[in-house]
Amino acid sequence: MYYFVERMTEADIEQVQVIERASFSTPWSANTYRHELRNPAMSRYIVARASPTLPPPRYERPAPRRSIFAALIPALFGHTTPPSSTYPIVGYGGVWLSVDEGHITTIAVAPDYRGRGIGELLLNGLIDQAIDMHADVLTLEVRVSNVVAQQLYLKYGFRPAGTRPRYYTDNGEDALIMWTDPIRNPAYQEQLRQLRERLFARLREEAGEPAATRNATPPA
Ligand SMILES: CC(C)(COP(=O)(O)OP(=O)(O)OC[C@H]1O[C@@H](n2cnc3c(N)ncnc32)[C@H](O)[C@@H]1OP(=O)(O)O)[C@@H](O)C(=O)NCCC(=O)NCCS
């Protein structure tokens, strides 16, 4: 199976909610996701999709034109956004920008797909989104009992920096606060490069891609 990430859209919320309910004891509602997706300057959400074959090149939507006709044409002839992807969603994550800090707000992988590198792929996607929003550092809160997620964050340079007592309302559990070093520093970038190299090798392996095609240059 091939896994890839792309930006979450409102059409994805239904599938995201299934994974959300399987992953968290206090799941976010569909409305919360809708609200988050409508503020792309400060909040970015991505999904990981699974494909049995190499997915086609990603379609990047052109920047919206600002002329009045750009708003009129969809109103007259129906919406012009491409149809939602047919590749099923197997995980998702989000990051908020607060001044120069990127806050990882959520990350989850469907239970049947855990342990295959998808959480790591998503975290990489969130780091890219944070860099795109000009964040300098990353931070997050994680349940003190959630050792699996903490291991993932430690691997990507997050370090514990205190707790928020009784942060989680469902069981009064403490949150561990974690921070990275500045993410655009050469040292962090080099760490990221090495981690990505290993992750991509692992994902290619899991996709069963023959070694001969691994370094093939994609067609122009
Ligand atoms: C946390 C979560 C997103 C990880 O996703 P995943 O796809 O299973 O993780 P990956 O396969 O990409 O593993 C990446 C790293 O996570 C850590 N990890 C993953 N599974 C682990 C396990 N069972 N035990 C310990 N560490 C584990 C390891 O550091 C691993 O790196 P490694 O393979 O080099 O050891 C996933 O377990 C999940 O959705 N959990 C429920 C939701 C949640 O708790 N989200 C975090 C909220 S703060």
Side-chain angles (χ1 to χ4, degrees), residues 1-6 8 12-13 15-29 32-33 36 43-51 87-96 98 101-130 137-180 188 191-208:
M1 199 62 89
Y2 291 88
Y3 303 107
F4 61 101
V5 293
E6 59 184 15
M8 188 190 292
D12 298 328
I13 293 175
Q15 282 187 70
V16 164
Q17 286 270 283
V18 174
I19 302 173
E20 175 90 12
R21 285 192 289 267
S23 302
F24 298 109
S25 48
T26 51
W28 283 6
S29 68
T32 301
Y33 277 99
E36 290 295 307
S43 117
R44 300 279 176 86
Y45 283 78
I46 58 175
V47 292
R49 297 184 187 276
S51 167
Y87 300 107
I89 293 172
V90 294
Y92 61 90
V95 56
W96 277 338
S98 172
E101 298 165 2
H103 291 242
I104 306 285
T105 56
T106 188
I107 184 166
V109 173
D112 288 352
Y113 286 86
R114 290 181 191 160
R116 303 182 194 193
I118 301 168
E120 220 179 307
L121 184 66
L122 283 162
L123 186 56
N124 275 284
L126 295 176
I127 294 169
D128 285 345
Q129 294 295 332
V137 288
L138 293 173
T139 183
L140 53 82
E141 282 99 16
V142 54
R143 285 178 190 263
V144 289
S145 66
N146 194 347
V147 178
V148 170
Q150 287 170 32
Q151 288 302 315
L152 168 64
Y153 303 140
L154 284 168
K155 186 172 176 181
Y156 278 79
F158 287 81
R159 299 283 167 257
T163 55
R164 290 193 206 288
R166 304 185 62 78
Y167 182 75
Y168 296 98
T169 50
D170 60 329
N171 64 352
E173 190 174 349
D174 295 352
L176 181 67
I177 306 165
M178 301 182 90
W179 288 89
T180 60
Y188 188 81
Q191 185 187 359
L192 201 56
R193 191 191 63 73
Q194 291 179 17
L195 285 164
R196 286 183 182 187
E197 211 168 87
R198 285 202 291 275
L199 172 66
F200 295 158
R202 173 184 177 185
L203 291 172
R204 283 194 298 260
E205 194 91 32
E206 282 179 14

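Counting starts at 1 for both ligands and their atoms, in listed order. If you read the sequence from its start, that first residue is 1, and numbering goes on from there. Remember, predicted model here, so these are calculated numbers, not experimental data.
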Any chance you could measure Gln129, atom CD, to Asn124, atom CG, to the nearest 0.5 Å? 12.0 Å
Once you round to the nearest 0.5 Å, how far does OG1 of Thr26 lie from OH of Tyr168? 8.5 Å
Identity and separation of the nearest protein heavy atom to [atom]:
{"atom": "atom 35 (O) of ligand 1", "answer": "Lys155 NZ, 4.8 Å"}
{"atom": "atom 5 (O) of ligand 1", "answer": "Gly119 CA, 3.5 Å"}
{"atom": "atom 12 (O) of ligand 1", "answer": "Glu120 N, 2.9 Å"}
{"atom": "atom 21 (C) of ligand 1", "answer": "Val148 CG1, 3.5 Å"}
{"atom": "atom 8 (O) of ligand 1", "answer": "Gly115 N, 2.8 Å"}
{"atom": "atom 38 (C) of ligand 1", "answer": "Arg114 NE, 3.4 Å"}
{"atom": "atom 11 (O) of ligand 1", "answer": "Gly117 N, 2.8 Å"}
{"atom": "atom 28 (C) of ligand 1", "answer": "Gln151 CB, 4.1 Å"}

Report yes or no: does Tyr156 contribute a side-chain atom to a donor-acceptor pair with the main-chain N or O of Leu192 at less than 3.5 Å? no
Using a 3.5 Å distance criterion without hydrogens, assess whether the side chain of Arg44 forms a donor-acceptor pair with backbone atoms of Val95. no
Measure up the Tyr33 and Tyr92 rings against each other and bin them: parallel (under 30°), tilted (30 to 60°), perpendicular (over 60°). perpendicular
Look up [atom] and tell me if a protein heavy atom lies less than 4.0 Å from it?
{"atom": "atom 2 (C) of ligand 1", "result": "no"}
{"atom": "atom 44 (O) of ligand 1", "result": "yes"}
{"atom": "atom 30 (C) of ligand 1", "result": "no"}

Do Thr105 and Tyr45 get their side chains close enough for a donor-acceptor pair, meaning under 3.5 Å? yes
With Asp170, which residues qualify under salt bridge (Lys or Arg N to Asp or Glu O under 4.0 Å), at least two apart? Arg143
For the pair Asp12 and Arg49, find out whether any cationic side-chain nitrogen is under 4.0 Å from an anionic carboxylate oxygen. yes
Under 4.0 Å between heavy atoms, the region of Tyr156 that gets near ligand 1 turns out to be neither
